[in-house]
Amino acid sequence: MSNEPVLKIDGEVNASHALTFSDLEAIDALHQIIDVSQFDPKRQGDAVKLSGLLELVGAKDSAKYIGLHGTLDNFHASIPLTPVRDSAFVIYRVNGKPLDVKAGGPFRFYIPDHAACHTDEIDECANVKFVDHIELTSERGFDNRPDDDEEHAKLHKKEHLS
Ligand SMILES: Nc1nc2c(c(=O)[nH]1)N[C@H]1C(S)=C(S)[C@@H](COP(=O)(O)O)O[C@H]1N2
Ligand SMILES: [Mo]
């Protein structure tokens, strides 16, 4: 039990949380998305809406940026909250089981209406895999997404070697 993965949510919130798979499953059906392929035919599984998570932790008005931290491979993004707060979600379950690490699990952030890689702040690169910490901040936070084609190509080469 003690090694069970958790998704930590903290920063500009009323109550920090560390959520397990079963905590996510227990979130009201109103905030669940069953079958994310309706948003992207290449994706499968179920998700919880970011808006549901924000409600759970009580996001403060001072929360302007969302920091997405993937500790496993040290990948981080910080994006403005407003454009994604009603559309983004966290994929966490496939066929009733936790999302596999091969698919970016156990928790994977997903923005359905993302821009192409490094063309905008809200790009495909911000779909952070193995996200274990969501941090709400008042200013832009740490971000090490690739910002040009060369860096981007290098990152993908690394991803495919692993
Ligand atoms: N943790 C983590 N998340 C990541 C990345 C990464 O290297 N590490 N790459 C990003 C980039 S640059 C892109 S374009 C998408 C690719 O997602 P896909 O492999 O599911 O198509 O994941 C993003 N999320
Ligand atoms: Mo990307």
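Note that ligands are numbered from 1 as they come in the structure, with each ligand's atoms numbered from 1 the same way. What you see is a predicted model, and the numbers here were worked out from it, not measured in a lab. The basis for the numbers below is simple: all heavy atoms, side chains too, and nothing from hydrogens, waters or symmetry mates.
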Taking every non-hydrogen atom, the tightest pair across S138 and E12: N-CG, 4.1 Å
For V128, atoms of ligand 1 separated by under 4.0 Å from a heavy atom: 3 (N), 24 (N)
Atom 11 (C) of ligand 1 - nearest protein heavy atom and its distance: C125 CA, 3.6 Å
SB check R145 D123 (cutoff 4.0 Å): yes
Donor-acceptor pair, side chain of S78 and main chain of G141, under 3.5 angstrom: yes
L19 and its side-chain contact (heavy atoms from CB on, under 4.5 Å) partner, picked from L53, V6, V57: L53
Residues forming a ring-ring contact (aromatic ring centres under 6.0 Å, His included) with H69, sequence neighbours excluded: H76, H133
Which segment of H156 sits under 4.0 Å of ligand 1 when only heavy atoms are counted: side chain
Side-chain touch I66/F109, heavy atoms, less than 4.5 angstrom: yes
Protein residue, atom and distance nearest to atom 24 (N) of ligand 1, heavy-atom basis: N127 O, 2.9 Å
Contact (N/O only, under 3.5 Å) between K129 and ligand 1: yes
Numbering as shown, the atoms of ligand 1 that approach H152 to under 4.0 Å (heavy-atom distance): 12 (S), 14 (S)
Proximal atoms of ligand 1 relative to F130 (non-hydrogen, under 4.0 Å): 1 (N)
Closest approach of any protein heavy atom to atom 8 (N) of ligand 1, naming residue and atom: D73 OD2, 2.7 Å
Closest approach of any protein heavy atom to atom 9 (N) of ligand 1, naming residue and atom: E159 OE2, 3.6 Å
For atom 7 (O) of ligand 1, closest protein heavy-atom neighbour: L155 CD1, 3.4 Å
Protein heavy atom at shortest distance from atom 22 (O) of ligand 1: R108 NH2, 3.3 Å
Close approach, G70 and ligand 1, non-hydrogen under 4.0 angstrom: no
Shared hydrophobic cluster, L7 / I91 (ILVMFWY, side-chain heavy atoms < 4.5 Å): no
Sub-4.0 Å atoms of ligand 1 with respect to non-hydrogen atoms of C117: 14 (S)
Region of K42 engaging ligand 1 - heavy atom pairs below 4.0 Å: neither
Joint hydrophobic cluster, F130 plus V128, side-chain heavy atoms closer than 4.5 Å: no
Backbone N/O of A15 and side chain of H17: donor-acceptor pair under 3.5 Å: yes
Quiz: residues 20-29 side-chain donor-acceptor pairs under 3.5 angstrom, not counting sequence neighbours:
| residue | atom | partner | partner atom | Å |
| --- | --- | --- | --- | --- |
| T20 | OG1 | S22 | N | 3.4 |
| T20 | OG1 | S22 | OG | 3.4 |
| T20 | OG1 | D23 | N | 3.2 |
| T20 | OG1 | D23 | OD2 | 3.2 |
| D23 | OD2 | T20 | N | 2.9 |
| E25 | OE2 | R93 | NH1 | 2.9 |
| D28 | OD1 | L30 | N | 2.9 |

R43 and ligand 1 - part of the residue with a heavy-atom distance under 4.0 Å: side chain
